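The structure under discussion appears below in the form of C-alpha cells.
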Amino acid sequence: MKFNIMTLFPDMIKQGLGSSIIGKAQEKNLIEIDTINIRDYAYNKHKQVDDYPYGGGAGMVMQPEPIYEAYKSITSKLSNKPRVIYLTPQGKTFNQEMAMELSKEEELIFLCGHYEGIDERVIDMIVTDEVSIGDYILTGGELAVMVMIDAISRLIPDVLSNGVSATTESFDDNLLEYPQYTRPAVFMDKKVPDILLSGHHKNIDQWRREQSLIRTYNKRPDLLEKAELSEKDKKILDKYCKL
Ligand code: ADE
C-alpha cells in the first residue's frame, strides 16, 4: 500500500510515522509513505500558499494552485487515479469499518488542510472522500492523517508480527476486547483470574467471550446493537443483566 500525503508539514508526518510498528512496516516495504510538500508548488517567490478570504472574515485560506500542482505531481505518473481523502471536521467520521475498506486500496492520497480551510474549487476538483477523526477541531489535518494511516496499516498483511491480533482486537466484531494479564500472577494482592492459569483452553476461550460481552455491555452498549450474537452470547448477557 502506498500513502501519498500532501501537507505543509512533511516532517511532522515523517517523525510521527517513522518509528514503532509503522516505521518497521516501511523498512520492510510493506507500506510506503510519501510526503509531498505543498509549499514546493507555491506560485510566488515568497513561497506563500495562502491568501485572504474573498468576502472578508478571519484567517487565511489555502490557495488552489499549489495543491492542484502537488496533486498532479503524484497522479501524472499513474494510470489509475487513487482516492483523494481530505481531512476535515466536516467529513464522515473515521471508524474501523472505514479503516478496513481503505486497507484494500493499493494507493491513497491524503490532503491536509491548515489555516481557515482550502479554496473550495480545488476540493471540488480532486477530493473523492472527506474524513473527520472526531467531533473536535484540530489545527491541521496532519495528526488526523497519522491516526488514519496507523489504523489502516495495521490491517495490511504482515504489518503486525502476530497475524491473529489484527482481527481479534476490539471493534472487528463490534465487541470490546477481554481483559489481559501477564506476570506476576499476584500484583499488590491482586490475583490473575484462576481460569487463565488453568491451561484449559476451551474454558479460557469461553471466559474471554463472556468478558468481552460484559465489557461491551458496561462500557459501550451502543456497540452491542451491531454485534452478531449467538444464542449462547444472548444467554450470557441475559444472566449478567439480571444480576
Ligand atoms: N482537521 C481539523 N480537525 C479535524 C478533524 N477533527 N478530523 C480530521 N481533520 C481535521
Side-chain angles (χ1 to χ4, degrees), residues 1-18 20-22 25 31-42 48-71 74-75 81-105 107-156 170-171 220 222-223:
M1 158 81 91
K2 181 166 182 193
F3 300 101
N4 304 276
I5 304 142
M6 298 191 276
T7 170
L8 288 171
F9 300 95
D11 290 344
M12 196 172 160
I13 311 273
K14 283 182 213 155
Q15 279 177 14
L17 297 175
S20 187
I21 292 172
I22 306 302
I31 59 167
E32 193 183 340
I33 300 175
D34 200 3
T35 51
I36 298 92
N37 191 340
I38 296 169
R39 204 173 294 283
D40 289 345
Y41 297 89
Q48 193 185 335
V49 291
D50 60 331
D51 210 331
Y52 295 100
Y54 275 121
M60 302 291 268
V61 177
M62 285 173 73
Q63 295 171 290
E65 298 101 324
I67 293 172
Y68 190 69
E69 292 302 324
Y71 167 75
I74 305 165
T75 54
K81 298 277 170 272
R83 286 163 76 171
V84 179
I85 299 168
Y86 172 39
L87 287 311
T88 163
Q90 297 182 16
K92 190 171 167 205
T93 308
F94 186 57
N95 61 16
Q96 189 66 17
E97 193 186 337
M98 207 191 289
M100 276 190 290
E101 187 220 322
L102 292 172
S103 72
K104 293 179 188 122
E105 299 284 332
E107 183 154 4
L108 290 168
I109 300 174
F110 292 91
L111 172 59
C112 300
H114 255 267
Y115 314 114
E116 292 309 303
I118 294 181
D119 186 292
E120 197 66 25
R121 290 165 294 182
V122 74
I123 296 175
D124 291 344
M125 283 168 81
I126 67 170
V127 169
T128 58
D129 303 77
E130 295 193 357
V131 178
S132 162
I133 61 159
D135 287 343
Y136 41 80
I137 315 290
L138 301 167
T139 55
E142 284 74 15
L143 284 169
V145 86
M146 288 193 256
V147 167
M148 286 187 70
I149 290 178
D150 188 290
I152 295 167
S153 297
R154 63 183 288 290
L155 298 172
I156 292 171
S170 302
F171 293 121
R220 289 290 307 273
D222 56 304
L223 288 179

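Bear in mind the structure is a predicted one, so any value in this text is a computation, not a measurement. Counting starts at 1 for both ligands and their atoms, in listed order.
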*Non-neighbouring partners of Asp50 that pass side chain to side chain contact (heavy atoms under 4.5 Å, CB included), sequence neighbours left out*: Gln48, Met60, Tyr115
*Test item: Asn4 side-chain N/O and Leu108 main-chain N/O as donor-acceptor pair under 3.5 Å*: yes
*Starting from atom 6 (N) of ligand 1, which protein heavy atom do you reach first, and at what distance in Å?*
Tyr136 O, 2.8 Å
_Which of the ligand 1 atoms, numbered from 1, are nearer than 4.0 Å to a heavy atom of Ala144_ = 8 (C), 9 (N)
_Just checking Arg83: does its CZ atom have more than 12 heavy atoms from other residues, nucleotides or ligands closer to it than 6.0 angstrom?_
yes
_Gly134 neighbourhood, listing ligand 1 atoms whose heavy-atom distance to it stays under 4.0 Å_ = 6 (N)
*Hey, is Thr88 touching ligand 1 through its side chain, its backbone, both or neither, going by heavy atoms under 4.0 Å?*
backbone
*asked:* Checking Thr93 now: which residues fulfil side chain to side chain contact (heavy atoms under 4.5 Å, CB included) with it, not counting sequence neighbours?
replied: none
*Does even one non-hydrogen atom of Val131 get within less than 4.0 Å of ligand 1?*
yes
*asked:* Can you confirm whether Lys92 is buried at NZ, in the sense that more than 12 heavy atoms of other residues, nucleotides or ligands lie under 6.0 Å from that atom?
replied: no
*asked:* Are any of the N/O atoms on Ile133, whether in the backbone or the side chain, positioned under 3.5 angstrom from an N/O atom of ligand 1?
replied: yes
*Starting from atom 1 (N) of ligand 1, which protein heavy atom do you reach first, and at what distance in Å?*
Pro89 CD, 3.7 Å
*asked:* For a quick check under 3.5 Å, do Thr7 and Glu142 share a side-chain donor-acceptor pair by atom type?
replied: yes
_Considering non-hydrogen atoms of the protein only, which is the closest contact for atom 3 (N) of ligand 1, and what is the distance?_
Leu138 N, 3.0 Å
